Structure formats: structure tokens, C-alpha cells
Amino acid sequence: MGALTAMVRLRVDGHEVEVVAGSSVAAAIAHAGATARASVSGQRRTALCGMGVCFECRATVDGRAQQRTCLLPVAEGMEVRTRG
Ligand code: FES
């Protein structure tokens, strides 16, 4: 990563993650090694379509539940929760 690349820090499930500015929150979740939501039967889900159609990438972002993270750009200090 070049020194001129703008980076953004956010937290995913309490873990600090640093990603390139302009990345999606879904990419930050993947970078953190996490998955997105859990299904009603408890199976972990993750981004599938990457374009806002499948809703598999939902997570809580800055206290707002059920956000489609593939459509959200990261922001400095953002808090993402993939569980609960
Ligand atoms: S990955 Fe399909 S809606 Fe986000």
C-alpha cells in the first residue's frame, strides 16, 4: 500500500480495522475476518451480490440495524456489529 493511499479506521465487532478510503463496509467486514449477519437458524452469512439486491450483507452500523454493508462506504470511527 503506497504512502499516499488514504486509509480509514473503523471497528468491526470491537476489532480495529484499517482499510482504503472508499472501500465498502462489507469489504471491511471481510478484511476483519468476520461475516455479516446470522440467519434465523444461526448460519453465518456474508456479502453475496455486492450490489444491494440479496440483503445477505446486513449488519448494524453506527447503531442502525439491518444496513446493507455492500452499499455503505467506510467512514473514520465507524462502529460495525455483525452479531446481535
Ligand atoms: S451483498 Fe447483496 S445486498 Fe449486500
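Indexing begins at 1, ligand by ligand and atom by atom, following the structure's order. This chain uses plain numbering: 1 for the first residue, then up along the sequence. Please read all numbers here as calculations on a predicted model, not as lab measurements.
Panel note: side chain R68, backbone G52; a donor-acceptor pair is recorded below 3.5 Å. With hydrogens and angles disregarded, a donor-acceptor distance shorter than 3.5 Å links the side chain of E76 to the backbone of R9. Although no hydrogens or angles enter the test, the distance criterion places no donor-acceptor pair under 3.5 Å between the side chain of D62 and the main chain of M78. In this structure, the side chain of T69 does not engage the main chain of R58 through any donor-acceptor pair within 3.5 Å. A donor-acceptor pair is defined here as one N or O able to donate and one able to accept, closer than 3.5 Å; such a pair exists between the side chain of S24 and the backbone of A27.
In this structure, T82 and R44 have side chains that are in contact, with non-hydrogen atoms separated by less than 4.5 Å.
At least one N, O or S atom of C54 sits under 2.8 Å from atom 2 (Fe) of ligand 1. Atom 4 (Fe) of ligand 1 lies at 2.8 Å or more from every N, O or S atom belonging to C49.
Nearest protein neighbour of atom 3 (S) of ligand 1, counting heavy atoms only, is F55 N, 3.1 Å. Nearest non-hydrogen protein atom to atom 1 (S) of ligand 1 is G50 N, 3.2 Å.
Counting the atoms of ligand 1 from 1 in the order shown, those under 4.0 Å from a heavy atom of C57 are 1 (S), 3 (S), 4 (Fe). Less than 4.0 angstrom separates some heavy atom of C70 from each of these atoms of ligand 1: 1 (S), 3 (S), 4 (Fe). Under a 4.0 Å criterion applied to the non-hydrogen atoms of A47, ligand 1 contributes the atoms 1 (S). Ligand 1 places these atoms under 4.0 Å from at least one heavy atom of V53: 3 (S). For ligand 1, the atoms sitting less than 4.0 Å from at least one non-hydrogen atom of G52 are 3 (S), numbered in the order shown with element in parentheses.
Between E56 and T46, the shortest heavy-atom contact is CB-O, 3.3 Å.
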- Query: Step by step, would you call V12 with R81 a side-chain contact (heavy atoms from CB on, under 4.5 Å)?
  - Reply: CA-CA 6 Å; V12 176; R81 284 190 298 118; over 6 Å; no
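In T69, neither the side chain nor the backbone holds a heavy atom less than 4.0 Å from any atom of ligand 1. At a heavy-atom distance under 4.0 Å, only backbone atoms of L48 (N, CA, C or O) approach ligand 1.
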